[in-house]
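Here's the structure, in structure tokens; my notes come after.
Counting starts at 1 for both ligands and their atoms, in listed order. Being a predicted model, the structure only gives us computed values, none of them experimental.
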Amino acid sequence: MTDAPALPLKLFNSLTRSLEEFVPVHPGEARVYSCGPTVYNYPHIGNMRAYVFADTLGRTLSFKGYKLTHVINITDVGHLTDDADAGEDKLEKAAAEKAQSIWDIARHYTEAYWDDIKALNIRQPAHWSIATDYVPAMIDFAKAIADRHCYELEGGLYFDTTTVAHYGSLARAGTDEGESRIDPVEGKRHAADFAIWRKTPAGETRQMEWDSPWGKGAPGWHLECSVMSEALLGFPFDIHTGGIDHREIHHPNEIAQNQAHSCSDASGARFWMHNNFLVERSGKMSKSSGEFLRVQLLIDKGYHPLAYRLMCLQAHYRSELEFSWEGLGAALTRLKRLVMGVEKLKAQTDLAVSGEPVTDFLDEAISNDLNTSVVLTTLEAILTMKKVSPAERIRTIEKIDDVLGLQLLSLSRADLRLRPKNATITEAVIEATLTRRKEARANKDFSTSDALRDELVAAGVEVMDGDPLGWDWRLEA
Ligand code: AMP
Ligand code: ZN
């Protein structure tokens, strides 16, 4: 039994496609940069999986004793409708469609994203870096690499991907393999070359534009992450995260810029880590097709958002995870069982009693590339482990929950009730009706008791006599 996590932390590095021991650049510190949302629309729950993963990584680094500095950026300029180099700026497009200013669009969706961050109990990073705050720094960065690595076309300044060593090795794609993924831009030397600066076409005015040596315009999307990660975390820093799609274009382009700017082969981060996708049975998750799966939709249907966090933690971050409402329901039930177990334990012990946490199981599982699903089964085993005193078990659960972020010590079963937004009956009325039903039953007045039950059923309430989890009722989702 020990408090100090002693095992080496092994993480999967996409650069080498292998598990490597985490050794920080600065002893005792961990500096992490996560590619954040493009704030032209609400994030879907797949996007939020990327931040649950980054948060779990951050919590793990804190558990391992590192002083964590986490940065998440907010992209409010430059991300085109195609990840590579074609289409319109996503924010310009959304602003035109909604006839609003880009700044209002960005503020609205940034706040909505922050609501989701809070709902999923994702810890606040040390910095939210906003791309538009860094445009002068991006221009300086571009100036520094322009002569040796870029060429100018009518549309802007382009990065020549053949001027750096091993372009695209993160994606394991050669420079020509990108041919099909990109709308050809006239004059581009290689298909994978990408815009560092996009000039405003003559005669047009963009809502967002800045003066630069290459004319009025806006930065290319990839530039912001190179600039902000170095400004806030130094060069190199420890870990760069993002969804698996970023392994193919965005991160190889960041790496190419970093190599050019540092005049070296350094990618900029020691580890590049990628979470796999959340998918729907029908395929890729999208913001436009079918039901728009947002955290708020889960809440409106009555699910506590931490059930979704648990759903993410049940899978390994590198595995694809399929979303289904049944799966979410099962995760909610699992969370209820955990909370019930903790409530029982709390009743058995005085929280002021001291106890040593047992962290070796946790250390072993989480140090193995964040094996949260094993941490969860370990947690379930510890809840009922008789040889560990209740006080020690509580302390252990606190430690585990610092890593999982499920709020197991503060949630109550009542918080986890299904609470659909469209329910026509209040909890107070349900409780009062059930009390009357109980009285009727005690008086053997079964016709009244049945009538009251029918009343509840008509209002969408399922009466759950003898439920093993101890629920008296639930609202239909
Ligand atoms: P975006 O706002 O499109 O730049 O995406 C924000 C983050 O979500 C990025 O790290 C993406 O790689 C990630 N991402 C996008 N779709 C999914 C998905 N279906 N599952 C998991 N992560 C995703
Ligand atoms: Zn990025």
Problem - Gly46 N/O to ligand 1 N/O under 3.5 Å - result: yes
Exercise for the section: Verify the ring-centre separation between Tyr109 and Tyr42: is it less than 6.0 angstrom? Expected result: yes
Problem - Ionic contact status for Arg31 with Asp238, cut-off 4.0 Å - result: no
Exercise for the section: Could you tell me if any non-hydrogen atom of Met48 lies under 4.0 Å from any atom of ligand 1? Expected result: no
Practice task
Decide whether an N or O pair under 3.5 Å exists between Asn47 and ligand 1.
Solution key: yes
Practice task
Select one of side chain, backbone, both or neither to describe which atoms of His44 lie under 4.0 Å from any atom of ligand 1, heavy atoms only.
Solution key: side chain
Handout entry: Top protein contact for atom 9 (C) of ligand 1, by heavy-atom distance
Key = His246 NE2, 3.5 Å
Handout entry: Shortest non-hydrogen contact between Val77 and Glu224, atoms and distance
Key = O-OE1, 3.5 Å
Practice task
With the Zn ion (ligand 2) as the centre, enumerate protein N/O/S atoms below 2.8 Å in chain and residue order.
Solution key: Cys35 SG, Cys225 SG, His250 NE2
Fill in the blank from the handout: Quick look: Thr38 vs ligand 1, heavy-atom contacts under 4.0 Å, and the answer is both
Exercise for the section: Take Tyr113 and His108 through the side chain to side chain donor-acceptor pair (under 3.5 Å) test and state the conclusion after the steps. Expected result: CA-CA 9 Å; Tyr113 165 69; His108 176 78; over 6 Å; no
Problem - Those residues that, when tested against Lys118, pass salt bridge (charged side-chain N to carboxylate O under 4.0 Å, His left out) (two or more places apart) - result: none
Exercise for the section: Return a yes/no value for Lys90: is any of its N or O atoms, backbone included, closer than 3.5 angstrom to an N or O of ligand 1? Expected result: no
Problem - Aromatic ring proximity Phe22/Tyr66, centre distance under 6.0 Å - result: yes
Problem - Sub-6.0 Å ring centroid separation between Trp197 and Tyr158 - result: no
Problem - N or O contact, Gly243 vs ligand 1, cut-off under 3.5 Å - result: yes
Completion exercise
Across all chains, not counting sequence neighbours, the side chain to side chain donor-acceptor pair (under 3.5 Å) partners of Arg189 are Asp160
Handout entry: Parallel, tilted or perpendicular: ring planes of His240 versus Phe237, cut at 30 and 60 degrees
Key = tilted
Practice task
Can you sort out which atoms of ligand 1 are near Asp245, meaning under 4.0 Å from one of its heavy atoms?
Solution key: 11 (C), 12 (O)
Practice task
Measure the shortest side-chain to side-chain distance between Ile139 and Val135 over non-hydrogen atoms and say whether it is less than 4.5 angstrom.
Solution key: yes
Exercise for the section: Flag the pair Asp55 and Arg309 as a salt bridge only when some basic side-chain nitrogen lies within less than 4.0 angstrom of an acidic carboxylate oxygen. Expected result: yes
Practice task
Identify the residue among His250, His251, His246 that makes a ring-ring contact (aromatic ring centres under 6.0 Å, His included) with His222.
Solution key: His250
Handout entry: Distance filter under 4.0 Å to Asn276 heavy atoms, resulting ligand 1 atoms
Key = 21 (C)
Completion exercise
Short version for Tyr51: what comes under 4.0 Å of ligand 1, heavy atoms counted, is side chain
Handout entry: Per-atom contacts of ligand 1 with Asn275, taking only distances under 4.0 Å to non-hydrogen atoms
Key = 21 (C), 22 (N)
Handout entry: Pairs flagged by side chain to side chain donor-acceptor pair (under 3.5 Å) wherever residues 201-210 is involved - sequence neighbours left out
Key = Thr200-Glu209
Fill in the blank from the handout: re atom 19 (N) of ligand 1, the protein heavy-atom contact at minimum distance is Leu278 O, 3.0 Å
Handout entry: Whether over 12 other heavy atoms sit under 6.0 Å from Arg281 CZ
Key = no
Practice task
Answer yes or no for Val39: is there a heavy-atom contact with ligand 1 below 4.0 Å?
Solution key: no
Exercise for the section: Examine Pro37 against ligand 1 and note whether any of their N/O atoms are separated by less than 3.5 Å. Expected result: no
Practice task
Identify the protein heavy atom lying closest to atom 17 (C) of ligand 1, giving its residue, its atom name and the separation to 0.1 Å.
Solution key: Phe277 CE1, 3.5 Å
